[in-house]
Every structure is written in C-alpha cells, then in structure tokens.
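Below is one structure; the comments refer to it alone.
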Amino acid sequence: MSHVSTQTRAGIFYGLGAYAAWGVVPLYFYSVRQCPPKELLAHRILWSAVFLAIIITIFGRWHELFRILRSRLALWLALSAVLVSANWYVYVYSAMTGQVTQASLGYFILPLVNAAGGCHRIP
C-alpha cells in the first residue's frame with residue numbers, strides 16, 4: 001500500500017472519529033445539565049488557558065505572545081474570543097435544554113455568516 005493511500009485512509013478514520021466525538025458532545029452536556037452553562041464555559045476558558053500556557057512554555061514562545069498582546073491585533077483577537085465564547089455558550093445552553101436540532105442548524109449556518117462577514121477587509 002502506498003504512503004498516499006495510507007494517509008488517505010488515516011484521514012478518513014480521523015474525520016469519522018471527529019464527527020462521532022462531536023455527535024456525542026450534546027449528550028455530555030445534557031448529562032451535566034444540573035451545572036449552569038456559564039460555569040461550563042468558565043471551565044472551558046480556564047482549562048484552555050492553562051493548556052495554552054503549558055504549550056507556550058514548552059515551546060518557549062512567551063516573548064511572541066507578549067509582542068502580539070502589545071499590538072493592535074490583540075483587540076481583534078479579544079473580539080474573536082468573545083464571539084467564540086458566546087457561540088459556545090449558546091451551543092452548551094441549547095444542548096442542555098434539549099434544543100440540539102436548532103443548535104445544529106445554527107452551526108450549519110454560522111460558516112455562511114462568517115464567510116459573508118469576512119468579505120470585508122479589516123483595517
């Protein structure tokens with residue numbers, strides 16, 4: 001078997017695994033529905049920041065992070081983080097309240113809205 005076909009097969013399995021994992025995420029959120037969605041979002045933000053700090057430390061890139069935080073790009077990254085957090089909060093809330101179909105439709109439409117919004121150049 002050639003290297004390309006091995007990579008293709010692995011890619012298909014990884015893709016199917018990702019779809020399967022994403023498909024059970026609403027079940028997880030529904031099972032922890034006694035926990036407020038804001039608390040779950042706060043945990044996601046906190047543990048993502050901890051993981052990111054570990055990765056930045058391992059690769060020794062703190063100077064690059066501080067350079068970016070001092071630039072104008074930091075404002076756009078902050079806005080992006082707020083929008084992603086709001087999106088994730090709506091998804092968690094939808095899964096916890098049994099509105100998975102509506103959330104799935106939103107996730108289907110969101111890339112179209114993002115593409116439409118991305119047609120304008122950021123100054």
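Just so it is clear, the values below take in all heavy atoms, side chains as well, and ignore hydrogens, waters and symmetry mates. Remember, predicted model here, so these are calculated numbers, not experimental data.
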#### Entry: Separation between CG of Leu105 and OG1 of Thr101, rounded to the nearest 0.5 Å
9.0 Å

### Task
Report the distance from atom OH of Tyr89 to atom CD1 of Ile45, rounding to the nearest 0.5 Å.
12.0 Å

### Spacing of His63 atom NE2 and Ile68 atom CD1 [to the nearest 0.5 Å]
9.5 Å

#### Entry: Partners passing side chain to side chain contact (heavy atoms under 4.5 Å, CB included) against Tyr30 (at least two apart in sequence or in another chain)
Arg33

### Task
Determine the interplanar angle of the Tyr91 and Trp88 rings, folded into 0 to 90°, and report it as parallel if under 30°, tilted if 30 to 60°, perpendicular if over 60°.
tilted

### Query
So how far is it from Ile56 CD1 to Phe51 CZ, rounded to the nearest 0.5 Å?
11.0 Å

### Task
Mind listing the closest non-hydrogen atom pair of Pro26 and Gly23 along with its distance?
CD-O, 3.4 Å

### Message
Nearest 0.5 angstrom please: Leu40 CG to Tyr28 OH, how far?
### Response
6.0 Å

### Query
Can any side-chain N or O of Ser104 pair as donor or acceptor with the backbone N or O of Val100 at less than 3.5 Å?
yes

### Task
Please indicate whether Tyr93 has more than 12 foreign heavy atoms, meaning atoms of other residues, nucleotides or ligands, lying under 6.0 Å from its OH.
no

### Query
So if you build clusters from Ile, Leu, Val, Met, Phe, Trp, Tyr with side-chain heavy-atom gaps below 4.5 Å, do Leu65 and Leu75 land together?
no

### Query
Is it true that Phe59 and Trp62 fall in one hydrophobic cluster, defined by side-chain heavy atoms closer than 4.5 Å?
no

### Message
Is there a path of hydrophobic side-chain contacts, each under 4.5 Å between heavy atoms, that joins Leu46 and Val84?
### Response
no

### Query
When you look at Tyr19 and Trp22, which way does the ring-ring contact (aromatic ring centres under 6.0 Å, His included) test go after all the steps?
CA-CA 5 Å; Tyr19 278 113; Trp22 189 246; 9.6 Å; no

### Message
With a 4.5 Å cut-off on side-chain heavy-atom distances among I, L, V, M, F, W and Y, is there a chain of contacts connecting Val92 to Leu27?
### Response
no

### Task
Can you measure from CD1 (Ile55) to CZ (Arg61) and round to the nearest 0.5 angstrom?
11.5 Å

### Task
For residues Val90 and Ser94, determine if any side-chain heavy atom of one lies less than 4.5 Å from a side-chain heavy atom of the other.
yes

### Query
What heavy-atom pair brings Met96 and Pro37 nearest, and what distance separates the two atoms?
SD-CG, 3.6 Å

